[in-house]
There are 2 protein chains.
Amino acid sequence: MSARVVPEGSRQRRRPTKQGAVLSERLIVDTALRLVAQHGAEALSVRRLGAALGADPSALYRYFRNTDALLLAICDEIIGRAQEGWEASGDWRTDLRAMGMRIHGSYVSQPQAALLAAHRTTGRPNETGAVEKILGILRDGGFPDPLAVRVYHAFVDQALAFAAQDAAASALPKAAGEADTEVWGDVYGRLPTETHPNIAATYPLLVADMRDSGYPFALELMLTALETLHPDAAGHPRKARRQAP
Amino acid sequence: MSARVVPEGSRQRRRPTKQGAVLSERLIVDTALRLVAQHGAEALSVRRLGAALGADPSALYRYFRNTDALLLAICDEIIGRAQEGWEASGDWRTDLRAMGMRIHGSYVSQPQAALLAAHRTTGRPNETGAVEKILGILRDGGFPDPLAVRVYHAFVDQALAFAAQDAAASALPKAAGEADTEVWGDVYGRLPTETHPNIAATYPLLVADMRDSGYPFALELMLTALETLHPDAAGHPRKARRQAP
DNA sequence: GACCTTACGTCAACACCATTGACGTGTAAA
DNA sequence: TTTACACGTCAATGGTGTTGACGTAAGGTC
């Protein structure tokens, strides 16, 4: 049972299932994404996916070695959708900002799948393509290689980490999500000045701010710091404005 | 079976299990943490925890409504440990850096609990305590309230998001984790210069850098940016050094 | 010390999960 | 037309969280 999977390229026989579906890697991934989008991350199981496809669950093992391989395929699809139609502007700040927001947005738009996907390295084409692009932005932007690599790492992990964080918030089972929201009113709103002076003093600001994602601001902070680290900033620390000089 | 759980405060009867263990919320949480530390993330299941305690697995449901409640309890313990023995130095850079690394480190040391808890708001004492401390660092450090709140949000979310990200890596089933690592050698190492010039040019640097967490550098970048945003930096953009002037 | 109440540990069962070896059918190539 | 084998199906294995029923022993009361 070791060589069960035939790679998609060399598949030839397309035998339909009892229920008439003709399976393919593509169809399976799409169905999985639809399943997750409709019924939540916990709805994704081999059995349910088999049912949604109109096939025996074990048929999936003809296409993916195990569920992990299937997950990686799903991840790559999400990464691909994030890059669709992107064009480099030539300014590294603009391009990094756009890339960050695209990655973050794409994952958050598929919260359930993002949760499964955000921490894996797939090595598939869409992923390597994204890595290549971001490294290109930094190197073409004038960052020396060792710095570019460190920045790439921090930048990508920040985008993915926040994406997962925000996706998780929207993907929580409804009960848990409401419980979390209530905590802000029930617990934080009632903390006395004596024990928690800083929370008490800033409570209205806190409640308002915590409603949105912290990523856009965190991203701007990272870009600000990168201005400082950029070789051009060495002698003449420019005022870090986006507008034309 | 609805009112199965008796809150820890009003427990009185301490009946030992067949194997002689006397259960308690505390003992269960500690045992769970030990189990994970010793045998890895995948060793934490109700059945295995029951065995480690010397009790029937279902006995746990006398103490926690479900595994989610158990993991949240574990989480509060982790937040608590992150702050143990911390003392404010008075310098906001130093204190933020220490707090960030403590939170991140503490979560990463308990990957599976971190995964569940990093995006939840518990409102329990250890959590509110941490919020209060970080807000204090920023406000005492001279950040005006609206900025302090925004920075707090970005800072905490970044620490938690990276913690979850890195925790996820160590919490992966062993096979999946190795697969991710291998991808860096098998796929990224073989990408040709023609299609992926930037990856090919920086590959050795990339491999070396991706082995560690991106968080420490991301944290330094955030601190650098905060120097720029701090009111003191307005007229005389100081050279952003940690040493004495 | 005897009695009650009931907390709580135990047992058995349920429904779900991923995975795999064996099997036979239908497809595509020869 | 024959043949090989890809691949869909079936059945079984050993894991998971969770729950209802049950009895025992612990604690409070007298």
Side-chain angles (χ1 to χ4, degrees), chain A residues 1-25 27-28 31-32 35-36 39-72 74 116 173, chain B residues 1-25 27-28 31-32 35 39-72 112 116 172-176 179:
Chain A
M1 193 73 36
S2 50
R4 217 172 167 153
V5 176
V6 172
E8 190 71 10
S10 51
R11 275 180 190 276
Q12 305 203 320
R13 311 199 181 171
R14 325 246 62 157
R15 154 132 74 141
T17 69
K18 266 188 173 176
Q19 301 178 43
V22 176
L23 301 182
S24 69
E25 220 173 87
L27 176 65
I28 294 174
T31 305
L35 199 60
V36 166
H39 301 99
E42 70 258 21
L44 186 62
S45 74
V46 175
R47 286 166 146 79
R48 260 192 280 245
L49 183 49
L53 284 163
D56 188 275
S58 62
L60 299 182
Y61 292 90
R62 299 283 179 203
Y63 294 82
F64 300 97
R65 223 163 37 75
N66 50 33
T67 48
D68 194 70
L70 168 60
L71 275 186
L72 292 183
I74 294 176
L116 308 172
Chain B
M1 195 72 35
S2 52
R4 216 172 167 151
V5 175
V6 172
E8 190 71 10
S10 50
R11 274 179 193 274
Q12 305 201 317
R13 309 195 183 175
R14 327 246 61 156
R15 153 131 75 144
T17 70
K18 265 189 172 174
Q19 301 178 43
V22 176
L23 300 183
S24 69
E25 219 174 87
L27 177 65
I28 293 173
T31 304
L35 197 59
H39 300 98
E42 71 244 31
L44 187 63
S45 76
V46 175
R47 285 167 149 79
R48 261 191 281 245
L49 182 50
L53 284 162
D56 188 276
S58 64
L60 299 182
Y61 292 89
R62 300 284 179 200
Y63 294 82
F64 301 96
R65 222 164 38 73
N66 49 35
T67 47
D68 193 80
L70 166 60
L71 283 167
L72 282 181
Q112 84 306 334
L116 183 102
L172 279 181
K174 211 167 49 187

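To find a chain, count down the sequence lines: A is the first, B the second, and so on, and within it residues start at 1. Keep in mind the model is a prediction, meaning the values are calculated, not measured.
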**Message:** So, under a plain 3.5 Å distance rule, would you say the side chain of R47(B) forms a donor-acceptor pair with the base of dT16(D)?
**Reply:**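 Per atom types, the contact qualifies.
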**Prompt:** Could one point to a donor on the side chain of R15(A) or the base of dG26(C) with an acceptor on the other under 3.5 Å away?
**Reply:**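 Counting by modelled atom types and ignoring angles, no donor-acceptor contact under 3.5 Å is found here.
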[X] has an atom [atom1]; how far is it from atom [atom2] of [N], in whole Å?
X	N	atom1	atom2	value
E42(A)	dG17(D)	CD	P	16 Å
L23(B)	dC8(C)	CG	P	10 Å
Q19(B)	dC8(C)	CD	C1'	16 Å
F64(A)	dC7(D)	CZ	C1'	15 Å
D56(B)	dA13(C)	CG	P	14 Å
L60(A)	dA6(D)	CG	C1'	16 Å
L35(A)	dC17(C)	CG	P	11 Å
L44(B)	dG15(D)	CG	C1'	15 Å

Of the nucleotides [options], which has the atom closest to the [X] side chain?
X	options	value
S58(A)	dT16(D), dC11(C), dT20(C)	dT20(C)
P16(B)	dA21(D), dG26(C), dA26(D)	dA26(D)
Y61(A)	dT19(C), dT18(D), dC22(D)	dT19(C)

**Asked** Reckon A59(A) touches a base, only the sugar-phosphate, or nothing at all at heavy-atom distances under 4.0 Å?
**Response**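 Base, at least one base heavy atom under 4.0 Å.
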**Request:** Would you classify Y63(B) as touching base, sugar-phosphate or nothing, given that sugar-phosphate means primed atoms plus P, OP1 and OP2, and contacts are heavy atoms under 4.0 Å?
**Result:**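 Here Y63(B) touches the backbone only, sparing every base.
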So, OP1 or OP2 of [N]: does either fall under 4.0 Å of a side-chain N or O from [X]?
X	N	value
T67(A)	dA18(C)	no
T17(B)	dC8(C)	no
K18(A)	dC10(D)	yes

**Message:** Please check this pair: side chain of D68(B) against backbone of L71(B), looking for a donor-acceptor N/O pair closer than 3.5 Å.
**Reply:**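 Looks like no, no N/O pair under 3.5 Å.
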**Prompt:** Does any N or O in the side chain of R48(A) come within less than 3.5 Å of the main-chain N or O of E42(A), such that one atom is a donor and the other an acceptor?
**Reply:**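 Yes; at least one donor-acceptor contact below 3.5 Å.
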Rounded to the nearest 0.5 Å, what's the gap from [atom1] on [X] to [atom2] on [Y]? Could you check?
X	Y	atom1	atom2	answer
F64(B)	L72(B)	CZ	CG	10.0 Å
L60(B)	T67(B)	CG	OG1	10.0 Å
L35(A)	L44(A)	CG	CG	6.0 Å

**Item:** First encountered from the 5' end of DNA chain D, between S45(B) and V22(A)
**Value:**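 Closer to the 5' end of DNA chain D: V22(A).
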